[in-house]
2 protein chains.
Amino acid sequence: MSSRYIYLDYNATTPLRAEVRDIMVKALDIYGNASSMHELGRTARAEIEAARANVAALIDAKNPSNLYFTSGGSESNNTVFNTMFLLGRTRERRKIITTSIEHPCVLNAAAHLKEEGFEVVFLNVDDRGRVDMDQYRRALGPDVLLVSVMAANNEIGTIEDLHEIARLAKEVGAFVHTDATQAVGKIPVSVDDWDVDYCTLSCHKIYGPKGIGALYVRANAPIEPLIRGGHQEDGVRAGTYNNLGIIGFGEAARLAALELNEYAAHTSSLRNLLRDLIIKRIPSVRINGDPDNLLPNTLNVSFPGAEGESILLSLDLEGIEVSTGSACASGSLDPSHVLMAIGLGPELAHGSIRFSLGKYSTEDEIRYVGEKLPPIIARLRKMSTVPFEKIASARS
Amino acid sequence: MSSRYIYLDYNATTPLRAEVRDIMVKALDIYGNASSMHELGRTARAEIEAARANVAALIDAKNPSNLYFTSGGSESNNTVFNTMFLLGRTRERRKIITTSIEHPCVLNAAAHLKEEGFEVVFLNVDDRGRVDMDQYRRALGPDVLLVSVMAANNEIGTIEDLHEIARLAKEVGAFVHTDATQAVGKIPVSVDDWDVDYCTLSCHKIYGPKGIGALYVRANAPIEPLIRGGHQEDGVRAGTYNNLGIIGFGEAARLAALELNEYAAHTSSLRNLLRDLIIKRIPSVRINGDPDNLLPNTLNVSFPGAEGESILLSLDLEGIEVSTGSACASGSLDPSHVLMAIGLGPELAHGSIRFSLGKYSTEDEIRYVGEKLPPIIARLRKMSTVPFEKIASARS
């Protein structure tokens, strides 16, 4: 990665790690169409199957053939929702339960099903971002087709109780999907322990390339192709195999599994340092997320009286790259739907920053941010018409 | 590309050209999420927009913002058919006209619409693979929602009269889509001259990476996202931008446009040499496709009395890589739907080989194939229970 930047936006995307980069440079020459019968095709196919085994192992999927490669997390999520759309039209079950803090991709796919006449429940979360389990239990019933709950939230890092959520869903015979895009590589993921039917993965969050992802589908769970055509991926996903992306994904997954504990320890220790520096040096901040169930690398902070986009751009001028929320929602003027869901008012939600740390984060970087951030916040607060103490005290 | 093989399967996929490979090696480090507001994000975004302009220019699309990046040709085609599915449910118009020789991707997407209650016409083609225009005219009417005809066929190389097909469709107010995957980079493509509303492109057929494609959508033509989520691509296609693939696509498109004439001249002269060698040295062969409207690089030959898969594997042992038809249909035991559509019986269709030439094909390679192929055909014909002369004469 470039050292010109202090990159603290790893939840948006990650640079290629050196090992993945090396293997991809070699894979640039593996050009055979993996569906071709000749040797060049068979060579490509063998590489793809080796990668599939590595990705399957990362989520503890016993049978790699339950894993289908897609173009990314958004396609994987849409494939599940489209399957439910096709299924639900001819069934008694046409209720979908999801949460109000999902990635825009799941929210929009769910909203589309609502337009199509499905009943869709967007569960509330508490002030730490955990699903309201009472509301969930009340929503469950024999009419529920799908429960879709993210494993961990991309903006605030809260980890959901997938095991319990899946157990309750199974009691009423519903299918369970989880978008594990942000969880994979940061916390242990086991589709078997969770007992989910569908699990969405993305490669570019674990130091692999963009444009490649996967969908795990439990044996016998229904699945319909979103992209119809050739017989690739057992007819579940048509299109010429993306050799380069898949090979990179395999290596990224292999290394992520190997270094999971080390990664969590490294990022959480630096994340805690950053959190402590911010709390110590900047008055009246609010740390968002669930401290007891938190991704090791994520720190979401509200700075009452300072506007998030202004903080972002001020830090950018110092070479520090952060985010106000999901990259997929940036450019929007709406406050973060996640921060609103955990009870922040629009003003506070607009004054929040996501710091997401990663493999290449260093203590020096964190201490540098700890130096640069306080004067930025102080300056922006001075420009604000409302005293920050007032906003801070008004929020709860 | 590797020199271990004589690669004559360029219609299945192509190796990266050196210029694209070089630019991609550099692009491995452009990791910013192009939706991010910080500098790393903006840098990635600028590269993507430069690539978009190059791809747009290749198909003579005046406004690059009419071009949307997808994961490939299959996704682009499915996006159009899914749009028609959503549109057609609430409209009087719910008839789709396509052809019997489309890529499996269009055929399967169209078959799905048929299951959904749409009227779908699969037009016949003549013995050269050209659309039956009389049948087409009869099928047209005010109930036609979409006409989808490939620009050039992947198996036999026949080029369709898109301009006339689109003109007639417009007379009845239908939308026009063309899968130009095989045409682009081989013949001039102009969405304006053709006057089509939708045009599908794939990158890996023009010496660029796999897993990236595009869909052109004329301004004001309806389009619904197949992949819902973030606001990328004006909401038409969600998902984190595939920087690497898009940057490679841009360079591949720029060079394909630049070298179009040279490419056609190079491949057609070698293709004609191969055709002449085969005709001269192997009795009773049939050349498939339309000699007056043919992709410059494609040669499809039937060898009565020899089984296609056996020819393929025998050539593979000599390091010569060819195909029996579409890679996306390989592994299937059915005879090629394209060869059946141009009137070949199953036996002859099973005895056909597609030679598709490309940038790196050389006269030496072609002459080598001209040496190796005749004894292979002779040996396989000897093993056949039916004399090849009988099959050859029975076919027409």
Side-chain angles (χ1 to χ4, degrees), chain A residues 1-2 5 7 9 12-16 21 24-25 28-29 31-33 35-41 71-72 74-75 77-78 103-105 108-109 112 204 209-212 226-232 238-245 309 312-313 316 321-323 327-332, chain B residues 1-2 5 7 9 12-16 21 24-25 28-29 31-33 35-41 71-72 74-75 77-78 103-105 108-109 112 204 209-212 226-232 238-245 309 312-313 316 321-323 327-332:
Chain A
M1 70 171 297
S2 162
Y5 301 98
Y7 188 70
D9 202 10
T13 194
T14 59
L16 292 183
R21 193 184 187 286
M24 285 179 70
V25 169
L28 287 169
D29 299 320
Y31 70 92
N33 187 319
S35 302
S36 294
M37 290 183 62
H38 48 60
E39 192 182 321
L40 272 176
S71 68
S74 291
E75 185 190 324
N77 287 337
N78 275 269
H103 187 271
C105 165
N108 286 344
H112 178 238
H204 74 96
K210 297 167 187 36
I212 190 76
L226 185 67
I227 298 178
R228 294 166 193 276
H231 53 76
Q232 292 92 353
T240 299
Y241 284 101
N242 177 355
N243 301 349
L244 181 63
E309 212 164 292
L312 183 156
L313 295 173
D316 191 25
E321 311 291 66
V322 301
S323 157
C328 287
S330 74
S332 157
Chain B
M1 70 172 294
S2 163
Y5 301 98
Y7 188 70
D9 201 10
T13 194
T14 59
L16 292 183
R21 194 184 187 288
M24 285 179 70
V25 168
L28 287 169
D29 299 320
Y31 70 91
N33 187 318
S35 302
S36 294
M37 290 184 63
H38 48 59
E39 193 183 322
L40 273 176
S71 68
S74 291
E75 185 189 325
N77 288 336
N78 274 271
H103 187 271
C105 165
N108 286 345
H112 178 236
H204 74 97
K210 297 167 187 33
I212 190 76
L226 184 67
I227 298 177
R228 295 167 192 275
H231 54 76
Q232 292 93 353
T240 299
Y241 284 101
N242 177 355
N243 301 349
L244 180 63
E309 212 163 293
L312 183 155
L313 294 174
D316 192 25
E321 311 292 67
V322 301
S323 157
C328 287
S330 74
S332 157

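First the proteins, then the strands, lettered A, B, ... as listed; each starts at 1.
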Which of A:N108, A:I227, A:L244 touches chain B most, by non-hydrogen pairs under 4.5 Å: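 When all of A:N108, A:I227, A:L244 are compared, A:I227 has the most.
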Side-chain contact, heavy-atom cut-off 4.5 Å: [X] with [Y]?
X     : Y     : value
A:L28 : B:V25 : yes
B:Y31 : A:L16 : no
B:Y7  : A:H38 : yes
B:S36 : A:D9  : yes

Rounded distance (nearest 0.5 Å) linking atom CD of A:Q232 with atom OG of B:S74: 6.5 Å
Nearest-0.5 Å distance that lies between atom CZ in B:R228 and atom SG in A:C105: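 So the gap between those two atoms works out to 11.0 Å.
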Closest-packed option against chain A by number of heavy-atom pairs under 4.5 Å, given B:L226, B:T13, B:N78: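 Option with the top pair count is B:N78.
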Which of B:V322, B:N77, B:N243, B:N242 touches chain A most, by non-hydrogen pairs under 4.5 Å: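 Heavy-atom pair counts peak at B:N242.
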Under 3.5 Å: donor-acceptor pair, side chain of A:D316, backbone of B:E39: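 Yes.
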Contacts of type side chain to side chain donor-acceptor pair (under 3.5 Å), residue B:T14, not counting sequence neighbours: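 Here no residue qualifies.
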